[in-house]
Amino acid sequence: MQAISAPEPPRRPASPTGIGRDEAAWRSGAVTLRALGIDIDLTGAQDASQRVFPVRGRLRLALERPARGLWVDFQGEGVDSLVVDGREEEVDWDGSRLALPLLGQGEHDVVVTARGLYSNSGQGLHRFHDPVDGATYLYTHFEPADARRAWPVMEQPDLKAPVSLAVAHPASWTVLANGLPEATTGAGEQGGEWDGAGATRRWPPGPLPEDAVITRFAPTRPLPSYLTALAAGPWHRAMGRWRSPERPGEEPVPLSWCCRASLAEHLDADELLNLTSDGLDLLERTYGFPFPWGSYDSVLVPEYNLGAMENPGCVTFSEERYLFRGPATSAQRASRANTVLHEMSHMWFGDLVTPRWWDDTWLKESFADHQGTWAAGALGYEDAWVSFASTRKAWAYLEDQRAATTHPIVADVDDVEAARQVFDGISYAKGASVLKQLVAHVGDEAFHAAARDWFASRAFANGSLDDFLDALGRVSGRDMRPWARAWLRTCGPSILTTEIETENGAISRLAVRQACADPVTGESVLRPHSLIIGLYSFDASGALVRVRRLPATLAEEVTEIPGAAGLAAPDLVIVNDEDLTYAVVRPDSASLRVMLDSLGALTDPMARALAWSGLHNLLRDARLSPTDFVTAVLAHADDATELSTLATLLSQAARAALTYADGQERRDLVGRLLGLPGPAPGEDRGADGWELLTRSRPGSGAQLARARAWLALAGNASVLGEDGEDPCGSRAVGEAVSRLHSLLDDGLPGLEMTAELRWQALGALARLDALAEGELEAQRRADPSASGRVSALQAGFAAPSAEAKQEILTRLLQDRALSNDEVGALISAYSTTAHRGLTAPLTGRYLDSLERIWSERRQEIATRIVLGLFPLAGDGDDLSQVESWLVHHAGAPAALRRLVLKSEDDLARSLRARRVLA
């Protein structure tokens with residue numbers, strides 16, 4: 001008999017939990033996943049002492065040739081049995097991988113019975129016990145590689161298969177998943193065996209309580225493991241139905257929005273269901289491919305690590321961000337709509353057509369970020385692109401200008417541990433910005449025609465960059481590869497500098513200089529930019545209005561702008577007007593002076609946002625002083641400013657004062673932003689933050705945005721007393737405490753002091769060591785909610801004492817029972833800038849603990865701790881300690897080093913700004 005020969009897989013990554021790109025490619029080349037069946041028992045979830053749930057998975061595999069070295073991914077309490085083609089095999093499981101025996105050509109059934117672990121980190125199957133009514137809720141979050149924490153899978157995006165799920169649960173619960181519910185039976189109604197699709201007709205993990213039921217879901221269309229989903233608990237559920245206008249004869253799609261029962265009164269279901277229906281209308285019509293999934297449930301979940309996740313048929317959203325429990329600004333509602341539409345566009349970009357590996361994360365996240373903003377604008381959120389310019393692009397510029405965090409949009413992702421790090425401002429916001437430039441380059445219709453071609457040719461399968469470029473080339477008639485090389489394969493933003501010469505009141509020359517040195521390769525990069533140059537002048541009323549719109553294409557180092565010579569000299573030149581491209585713009589000196597003196601006179605919201613973005617980039621690059629930036633914000637960020645831009649500016653101004661300024665300048669700027677101490681009689685020092693808050697129109701969104709920003713900064717009022725010789729320091733702190741108590745007792749006209757604002761005020765008082773006896777406990781009783789519990793934890797540890805900081809650090813390093821939200825609360829209490837003198841002695845202990853944190857904690861929580869405790873408000877001594885750690889820990893995990901390098905860059909940048917601008 002001839003021996004069977006089978007190729008071995010590539011070498012496994014060094015990380016014991018890693019899955020490498022090469023070995024994943026080998027596995028998908030060796031095996032096809034025909035079906036995935038999952039049975040999971042949640043009947044014990046309500047008992048907090050039970051850490052484990054039974055689960056059983058069946059994978060139907062097909063091999064064209066024999067394969068040795070295949071494995072199933074699972075991370076949990078244990079694996080109890082492995083059955084292959086009806087024969088029990090030895091369990092060879094290392095805590096992450098379950099080895100399969102040599103498999104021959106043909107189809108095989110692999111059945112794994114195991115015990116999973118409930119999560120409190122937001123990864124895997126997260127369990128939450130509601131402190132208000134004691135109810136238990138569970139939901140999954142798996143991207144990029146955490147489905148293996150809940151059930152046995154082959155954890156890679158290019159092994160897609162229909163998924164059948166059966167869930168045993170308390171009868172009072174609602175269970176949601178990717179598929180439509182097919183049947184619900186009592187625990188005593190079991191019978192039968194596996195069927196052909198991978199579902200069960202008998203309950204396999206073990207005996208069930210008599211009051212339990214089993215909900216079985218119909219098989220889905222093919223999905224990768226990271227998109228499988230489950231949400232279970234006594235959800236409050238608002239139902240709706242959507243009928244496709246393109247397919248009126250078909251059955252309507254069931255819709256719902258769900259939240260915890262204790263929050264039902266806050267669910268604005270009509271608005272959300274209408275938005276869902278309108279979005280599905282728009283995207284199905286635009287994409288020309290029917291909505292690919294059987295239902296569309298949206299679940300607002302607690303203790304979420306991110307904003308939302310695009311699981312087909314079971315989209316999850318952060319209740320903290322998107323379930324409004326008090327007044328919400330129009331910008332908050334627009335931001336929520338943008339997120340809803342972002343996740344909805346994923347039903348096609350990412351779910352219908354899935355990237356083969358995480359190198360192409362941009363093929364789903366950049367596209368969804370772009371399409372969500374485009375769709376929001378199309379549905380009447382007229383400032384969607386303005387908000388994008390001031391918020392999302394600020395994130396992109398931040399990430400793209402750090403050597404540690406920049407990377408090509410098409411990333412190089414060796415394994416799933418590295419994949420977690422590319423869900424960043426490059427893959428989302430820079431990629432979306434570059435897609436906006438692509439649309440400006442080829443046209444909106446060509447872009448959507450290419451998408452329609454891509455969906456039709458790759459439906460329910462995987463796609464790559466080359467696939468999409470081929471589709472775009474077919475419909476546009478252009479070779480898109482040079483464009484892709486310049487934009488998708490290089491790092492760093494282009495720097496565009498305005499060069500203008502005038503003579504006798506007219507332009508004699510207008511040019512734009514382009515420069516980019518790739519931070520990774522060091523090579524010079526020239527990119528094609530299709531953009532608009534706006535010429536602005538003051539009109540008779542004093543408003544700055546656009547008088548000329550000059551389209552231009554930049555392809556060289558210096559581009560002379562045709563048609564500019566001879567035009568009347570403008571007061572302000574805005575390069576990249578309308579925000580069509582992605583670049584950091586350096587204005588000419590005259591335009592910069594106009595921005596600083598008269599930015600509030602700009603009437604166009606987008607022009608305003610772009611001017612503010614330019615000023616902030618100059619601040620970060622130490623080309624503009626914190627004083628100039630903060631002065632401009634106080635003078636020109638008026639209540640007419642688009643609200644998300646206003647909120648961003650107020651946050652940026654506070655950061656400029658606290659981290660880019662030092663000594664007396666920092667005290668002056670914090671004092672001006674807080675309006676502390678109050679001006680002496682007859683003194684005129686210009687507008688300050690408190691005056692602007694009290695002057696805001698009662699009940700307006702601007703008033704709420706200013707109140708949040710003032711409260712967020714108030715806990716740092718003690719920096720005003722840092723200089724012991726400053727006679728105003730103690731008076732300023734006293735005034736801050738007085739104003740905080742006044743807000744708590746009386747509020748401001750039109751400002752509802754919601755639980756959110758009251759907790760902010762109490763947290764500020766705690767940071768100032770000024771909480772009155774019983775204040776914290778009274779608010780805790782008034783707000784027993786989950787968010788109230790977390791806010792109380794934060795305020796309870798926020799006192800300015802060395803003992804409190806040491807206790808926080810100890811808990812974060814040792815207490816693994818802390819949930820992700822509790823970790824965030826303690827970090828917030830620890831990292832108050834004004835308390836830097838108390839945390840400075842702990843920098844060494846923090847650094848010494850980093851590798852242990854990374855090895856012992858799940859990556860989401862480890863990332864929070866590493867970034868949250870970093871001494872961003874530190875000094876040169878902190879920077880030296882961090883640099884020493886990097887030198888002596890060259891072998892630390894790459895993802896951990898990336899986080900430290902990222903924060904080191906921010907600290908070095910702020911120290912450089914303080915030094916240069918001094």
Side-chain angles (χ1 to χ4, degrees), residues 272 275-276 278-287 306-310 315 317 321-322 329-350 361-400 409 423-445 447-448 450-451 487 530-532 576-583 604-610 612-613 642-648:
L272 290 167
L275 172 63
T276 305
D278 291 346
L280 289 170
D281 282 354
L282 173 67
L283 295 184
E284 187 179 88
R285 185 170 61 248
T286 301
Y287 296 156
L306 65 167
M309 180 63 200
E310 67 269 18
V315 185
F317 293 86
R321 296 190 199 182
Y322 301 122
T329 67
S330 59
Q332 285 177 276
R333 294 187 179 279
S335 174
R336 181 175 68 176
N338 192 308
T339 300
V340 170
L341 296 166
H342 172 117
E343 304 308 326
M344 191 179 291
S345 70
H346 269 310
M347 299 299 115
W348 290 265
F349 287 109
T361 295
W362 82 287
L363 276 176
K364 66 189 197 71
E365 296 304 345
S366 299
F367 282 63
D369 224 34
H370 178 274
Q371 289 293 279
T373 307
W374 168 81
L379 291 180
Y381 295 90
E382 57 186 21
D383 287 332
W385 284 115
V386 176
S387 176
F388 180 89
S390 62
T391 58
R392 302 296 282 181
K393 288 186 83 169
W395 179 31
Y397 293 138
L398 186 71
E399 299 272 85
D400 207 17
I409 293 173
F423 288 85
D424 60 9
I426 308 294
S427 297
Y428 282 77
K430 179 181 179 180
S433 303
V434 168
L435 287 178
K436 191 175 184 185
Q437 171 62 189
L438 174 63
V439 170
H441 188 62
V442 303
D444 189 80
E445 179 50 42
F447 174 78
H448 282 131
W487 280 108
S530 300
L531 49 73
I532 304 298
N576 194 27
D577 206 10
E578 302 178 21
D579 198 33
L580 298 183
T581 196
Y582 174 81
D604 180 72
M606 178 63 85
R608 272 196 185 200
L610 294 172
W612 284 121
S613 176
E642 189 270 329
L643 284 175
S644 62
T645 304
L646 176 62
T648 298

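- For Tyr397, the ring-ring contact (aromatic ring centres under 6.0 Å, His included) partners are Tyr582, not counting sequence neighbours.
- For Glu284, the side-chain hydrogen bond (donor to acceptor under 3.5 Å, both in side chains) partners at least two apart in sequence or on another chain are Ser244, Arg247.
- Within the structure, salt bridge (charged side-chain N to carboxylate O under 4.0 Å, His left out) pairs that include any residue of residues 377-395 comprise Asp369-Arg392, Lys393-Asp579 (at least two apart or interchain).
- Considering only residues two or more places apart in sequence or on other chains, Thr373 meets the side-chain hydrogen bond (donor to acceptor under 3.5 Å, both in side chains) condition with Asn338.
- Ring pair Phe349/His370: centre-to-centre distance not below 6.0 Å.
- With sequence neighbours left out, Glu642 forms a side-chain hydrogen bond (donor to acceptor under 3.5 Å, both in side chains) with Ser644, Thr645.
- The stretch residues 429-442 participates, sequence neighbours left out, in these salt bridge (charged side-chain N to carboxylate O under 4.0 Å, His left out) pairs: Asp400-Lys430.
- By the ring-ring contact (aromatic ring centres under 6.0 Å, His included) test, His346 is found to be paired with His342, residues two or more places apart in sequence or in another chain being considered.
- Every salt bridge (Lys or Arg N to Asp or Glu O under 4.0 Å) that Glu310 has, sequence neighbours left out, goes to Lys364.
- Applying the ring-ring contact (aromatic ring centres under 6.0 Å, His included) criterion to Trp374, with sequence neighbours excluded, gives His448.
- Legend: residues meeting side-chain contact (heavy atoms from CB on, under 4.5 Å) with Ala308, ordered by chain and number and at least two apart, are Phe317, Thr339, Glu343.
- For Thr391, the side-chain hydrogen bond (donor to acceptor under 3.5 Å, both in side chains) test picks out no residue, with sequence neighbours left out.
- Ala607 pairs by the side-chain contact (heavy atoms from CB on, under 4.5 Å) definition with Tyr536, Ile574, Asp577, Leu602, Asp604, not counting sequence neighbours.
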